[in-house]
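Scope of the values below: all heavy atoms of this structure, side chains included, with no hydrogens, waters or symmetry mates.
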Amino acid sequence: MERLNVMEMFHGISFPGHLHTQDSLQLALKFPFQESDILIASYPKSGTTWMQELVSLVLNRGDPHLSHTVPNWARAPWLEQHYFPSLLKSPSVTPRVITTHLPFHLLAPALQGSKTKVVYVSRNPRDVAVSFFHFHKMAAFLPECGTFAEFLDQFLEGAVCYGSWFDHVKDWTRGADTQSNLLQITYEEMSRDLRGAIQKVSSFLRRPLAEDELSSCAKHCNFDSMKDNRMVNYSLIPAEIMDHNKGAFMRKGKIGDWKNTFTEEQDQLFDSVFRSKMKGCALEFVWGD
Ligand code: A3P
């Protein structure tokens, strides 16, 4: 399925038609979650692939065999994408690890009453915007996005694929501290203390790790290991779909890279939109090292 120039509009949000159909999106909303499922939820470019790798390694007690032999999209397939049913492990294999970029309000009915463990990953939105902009340049299934200034306007309006970052983060994390089956974790936490983040996830998933297993997880999901791992760096995807001459999926992996792109004026614009849209939201973000 190519459909590189097709966009699917679904509940007011556009999704790349190369990966999504109306049917696949509709099916996601009715997915029968099981108690043993693990759901990784995130807005794009927030560290999704990193968390897929981290969870895989935790479940395999630091053994990198699967990480080195099975692509991330097959180990933790995206619920809303059209290939999901063919990739989902048989129901008898547990736990199933599933990924989603859908906003909370669309999945809430399917998740309601289920004890599925949800790991929500967020990242400071200035870095998300810059990373997403670069991803548009290499991913042929995303629309032309013009200059960074033009892209930033669309990002701030929530007019990009996958919708508004602000709504996504606010809705998924609202009341997170009272929900025992939701772990909220940030890209910046993972970046500053990877071992601590692995321990946090392993204890949430009730998969305690021995010291050497923890070290192995940290070794295999650091930026350099993942950048060289063809099962997660998307180099398996043909150039017509992701052009690796136009950029790398594992691009910089840094906190605060936005400072190399934003102008003073863009920073001020961002700040005013951020303040108004995040009013009343207790979340705090780390903007630089
Ligand atoms: P940059 O473009 O800023 O480098 P997602 O998987 O949600 O699409 O997120 C992709 C972003 O996460 C990219 O950010 C990528 O480099 C970064 N990333 C992936 N694995 C990482 C790791 N192990 N350490 C640091 N950053 C990582």
For residues [X] and [Y], is any side-chain donor paired with an opposing acceptor at under 3.5 Å?
X	Y	answer
D23	T21	no
T94	S36	no
S216	R61	no
N222	S225	yes
T99	Q52	yes

Closest contact, heavy atoms only, [X] versus [Y]:
X	Y	value
P103	I13	CG-CD1, 3.7 Å
S24	E80	OG-O, 2.8 Å
F141	M7	O-CE, 3.2 Å
K227	N233	O-ND2, 2.8 Å
L194	A218	CD2-O, 3.7 Å
H136	C145	CB-SG, 3.6 Å

### Message
Show me the pairs that pass salt bridge (charged side-chain N to carboxylate O under 4.0 Å, His left out) and involve residues 24-36, at least two apart or across chains.
### Response
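Residue pairs with at least one partner in residues 24-36: there are none.
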Could you note down all residue pairs passing salt bridge (charged side-chain N to carboxylate O under 4.0 Å, His left out) where residues 48-58 supplies at least one of them, sequence neighbours left out?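 For residues 48-58, and leaving out neighbouring residues, the salt bridge (charged side-chain N to carboxylate O under 4.0 Å, His left out) pairs sorted by first residue read E53-R75.
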Is the distance between the ring centroids of [X] and [Y] less than 6.0 Å?
X	Y	result
H68	H220	yes
F15	Y162	yes
F133	F135	no
F285	W165	yes
W73	Y234	yes

Other residues, nucleotides, ligands: >12 heavy atoms within 6.0 Å of [X] [atom1]:
X	atom1	answer
K259	NZ	yes
D243	CG	yes
K254	NZ	no
K246	NZ	no

Taking side chain as C-beta onward, heavy atoms only, is [X] less than 4.5 Å from [Y]?
X	Y	answer
I241	L4	yes
V169	Y120	yes
L107	L39	yes
W78	I98	no
W50	F223	no
V286	T186	no
M51	V201	yes
F10	L106	yes

| task | Begin from the C-alpha positions of F262 and F148 and carry the test ring-ring contact (aromatic ring centres under 6.0 Å, His included) through to its verdict. | result | CA-CA 9 Å; F262 275 60; F148 179 68; 5.4 Å; yes
**Study point:** Any donor-acceptor pair under 3.5 Å from S42 side chain to P44 backbone
**Key:** no
Please test R123 against E189 for salt bridge (charged side-chain N to carboxylate O under 4.0 Å, His left out), starting from the C-alpha separation and ending with a verdict.
-> CA-CA 9 Å; R123 182 183 193 185; E189 272 177 88; over 6 Å; no
- So H244 and M138, side chain to side chain contact (heavy atoms under 4.5 Å, CB included) or not? Walk me through it. CA-CA 7 Å; H244 296 272; M138 72 179 298; 3.7 Å; yes
Is it possible for you to say whether L283 and M190 belong to one hydrophobic cluster, with membership spreading through side-chain heavy-atom contacts below 4.5 Å?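 Result: yes, single cluster for both.
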Quiz prompt | Test side chain to side chain donor-acceptor pair (under 3.5 Å) applied to R207 and S202, step by step | solution = CA-CA 5 Å; R207 300 281 180 138; S202 82; over 6 Å; no
Checklist entry - Looking at CG of N72 and CZ of F249, how far apart are the two atoms once the value is rounded to the nearest 0.5 Å? => result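 These two atoms lie 7.5 Å from each other.
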Checklist entry - Are the charged groups of E157 and K277 less than 4.0 angstrom apart, N to O? => result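 So E157 does not pair with K277 through a salt bridge.
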Parallel under 30°, tilted from 30 to 60°, perpendicular over 60°: which one fits the rings of F151 and F155?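 Rings of F151 and F155: tilted, as their planes differ by 30° to 60°.
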### Query
Hey, what's the ring geometry for F31 with F33, parallel, tilted or perpendicular (30° and 60° as the breaks)?
perpendicular
- Under the salt bridge (charged side-chain N to carboxylate O under 4.0 Å, His left out) rule, what do D267 and R126 come out as? Steps first, then yes or no, please. CA-CA 9 Å; D267 191 29; R126 285 178 170 93; 2.8 Å; yes
